Protein chains: 2
Amino acid sequence: MTVSLRERRRQQTARDIQLATLELAVEQGLENVTTEEIAAAAGISTRTFFNYYVNKESAAIGAPPAFGEADKTALREGRGALRDDLKRFLDKHIKILADDDNIVRMVGTVLRSNEKARGILDGFLMMERETLTECLAGRVADVQTAAALASMCTDSIGRAIFLWETGDAATLSAALDIVWAGTLHAAGLMVVPSD
Amino acid sequence: MTVSLRERRRQQTARDIQLATLELAVEQGLENVTTEEIAAAAGISTRTFFNYYVNKESAAIGAPPAFGEADKTALREGRGALRDDLKRFLDKHIKILADDDNIVRMVGTVLRSNEKARGILDGFLMMERETLTECLAGRVADVQTAAALASMCTDSIGRAIFLWETGDAATLSAALDIVWAGTLHAAGLMVVPSD
DNA sequence: CAAAACCTTGCACAGTCTGCAATGTTTACG
DNA sequence: CGTAAACATTGCAGACTGTGCAAGGTTTTG
């Protein structure tokens, strides 16, 4: 087995804490929940809570799925049209998010009102964007171009989640399709010197 | 006069606090600075510090310049090529930032290591992006397209600041030119189905 | 099975942030 | 001008956050 008993328990406790945090946060707003309440709900001591997460905002966010290694390789070495490879890449990722869409929704709720949580997620996204930029750097030569593309990608995912959360799209994948169409259209407007 | 003595003093104190915060933060890192130190450096009591800012991260960020009303109107009613109007809009804004480039630099330092500060700024940028989306909504009809364009704009400013901070561009305006070229190039790649 | 590694917990303590009440300063206006 | 209302500053008490440390328990390793 790849994971020891200890490791599995640790994962489980981390997830228990996250779920306890999110449920309390959705009910009362994260700012009105104390670490003591969270610890009690998760069946651990306050001190142990802080052994898992440095603060309640981190507990709410947990460990978001990173871009898959295989998907990144596919993107780096892809030979299709760039925009199609990118869309495929994002589709893969949004499907992973969809596996835990209940958590995505609760995290979204927290993010809407909690600045600290936004900052924490932002830090994570910044790193993801960075790795994405590196993936693209080989295909587009210019770093600024790669960075712009990477931003378009993470932004599209963010807007797709938002669209789905507000009920304007039935699924995350459908939301991404809508958002992506807008992104492509916007790109077209930036290129063609017309209004 | 448009501002009373009281109002002017308030602005001055707010700025004094921000500068005290940033200077201490650049020296020691914001996490290693206590509100007590900041208050002492700004010549006020700790309690008064919290009358001005809800926390030290907000004090460090202060009140970033918003997009100008006139510039937004110009963008909304512009009749030139969209991408040129956008570039003009961003040029205007980056010039305003350049007026306080010492503060921009210090804030950048803080943002690099402080998650909470990033979240606070992110909330501000989110609102700015929202107003920008509304400005563009009249010109492009589709909301998703407008949102994508707005994201490209705020992202470009962010990357320009980063480029300038790392010394890869002499001025903020020059940095924006470089970043913008990358953004346009990226847009081109998204449109033309080639690699 | 014993030692190493890791986990949980309590406790003490430094720091953050709010509400409240006292006191002083500025503004508005009769 | 002078007074009442509005606002600013401060201290203090108190709830909450987050860390270091040490004690005691469980899992892993060989």
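Throughout, protein chains are lettered first and strands after them, A, B, ... in sequence-line order, and every chain is numbered starting at 1. Note that this is a predicted model, so its numbers are computed, not measured.
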Item to complete: Take atom CD of A:Glu115 and atom P of C:dT16, then tell me their distance rounded to the nearest Å.
Response: 17 Å
Worksheet item: Once each nucleotide of nucleotides 21-30 of chain C is scored for protein heavy atoms under 4.0 Å, what B/S/- sequence comes out, 5' to 3'?
Response: ----BBS---
Item to complete: Kindly calculate the angle separating the two end axes of the helix from C:dC1-D:dG30 to C:dG30-D:dC1, each obtained from five base pairs, and round it to 10 degrees.
Response: 30°
Worksheet item: Starting at the 5' end of DNA chain D and moving along, which residue's nearest nucleotide shows up first, A:Arg47 or A:Val33?
Response: A:Val33
Side-chain donor/acceptor pairs under 3.5 Å, residues 64-77 of chain A, sequence neighbours excluded:
{"from": "A:Glu69", "atom 1": "OE2", "to": "A:Lys72", "atom 2": "NZ", "distance (Å)": "3.0"}
{"from": "A:Thr73", "atom 1": "OG1", "to": "A:Glu69", "atom 2": "O", "distance (Å)": "2.9"}

Item to complete: Let me know the distance between CD of A:Gln12 and P of C:dC7, rounded to the nearest Å.
Response: 15 Å
Practice prompt. For the residue pair B:Trp180 and A:Gln144, establish whether any side-chain heavy-atom pair is separated by less than 4.5 Å.
Written response: no
Worksheet item: In whole angstrom, what separates B:Asn51's CG from D:dG11's C1'?
Response: 12 Å
Worksheet item: To the nearest Å, how far apart are A:Ile44 CD1 and C:dT9 P?
Response: 7 Å
Practice prompt. Salt-bridge test for B:Asp177 and B:Lys87: reply yes if a basic N is under 4.0 Å from a carboxylate O, no otherwise.
Written response: yes
Worksheet item: Are B:Arg15 and B:Asp100 ion-paired here, with the side-chain N under 4.0 Å from a carboxylate O?
Response: yes
Fill in: Length of the line joining B:Lys56:NZ and C:dC17:P, which is rounded to integer Å
8 Å
Worksheet, complete the sentence: Testing C:dC17, C:dC7, D:dT17 for proximity to the side chain of A:Arg10, the answer is C:dC7
Discussion item. If I compare all heavy atoms of A:Thr133 with all of A:Val143, which pair ends up nearest, and what's the gap?
Written reply: CG2-O, 4.3 Å
Item to complete: Using a 4.0 Å heavy-atom cut-off across all strands, classify B:Thr48 as base, sugar-phosphate, or nothing.
Response: base
Worksheet entry | Residue-phosphate contact under 4.0 Å: A:Thr34 side-chain N/O, D:dC16 OP1/OP2 | no
Worksheet item: For A:Tyr52, which contact category applies under a 4.0 Å heavy-atom criterion: base, sugar-phosphate, or nothing?
Response: sugar-phosphate
Fill in: Rounded distance in Å - CD1 (A:Ile17) to P (C:dC7)
12 Å
Discussion item. Quick check for you: among C:dC7, C:dT18, D:dT19, whose closest atom lies nearest to any side-chain atom of A:Phe50?
Written reply: D:dT19
Practice prompt. Give a yes/no on whether any side-chain N or O of B:Lys116 is located under 4.0 angstrom from OP1 or OP2 of D:dT17.
Written response: no
Practice prompt. For residues B:Met190 and A:Leu86, report the shortest heavy-atom separation together with the two atoms involved.
Written response: SD-CD1, 3.9 Å
Practice prompt. Send over the distance from A:Leu30 CG to D:dT17 P, rounded to a whole Å.
Written response: 9 Å
Worksheet item: Can you tell me if A:Arg9 and A:Ser4 form a side-chain donor-acceptor pair at under 3.5 Å?
Response: no
Discussion item. Looking at A:Asp91 and A:Lys95, is there a salt bridge between them, counting it only when a charged N and a carboxylate O are closer than 4.0 Å?
Written reply: no
Fill in: B:Glu36 CD - C:dC13 P separation (whole Å)
18 Å
Item to complete: Provide the closest heavy-atom pair for A:Phe49 versus A:Thr35 in the form atom of the first, atom of the second, distance.
Response: CE2-CG2, 4.0 Å
Item to complete: Looking at every strand, decide which applies to B:Asn55 at a 4.0 Å heavy-atom threshold: base, sugar-phosphate, or nothing.
Response: sugar-phosphate
Discussion item. Does any part of the side chain of A:Thr21, heavy atoms only, come nearer than 4.5 Å to the side chain of A:Val33, both counted from C-beta?
Written reply: no
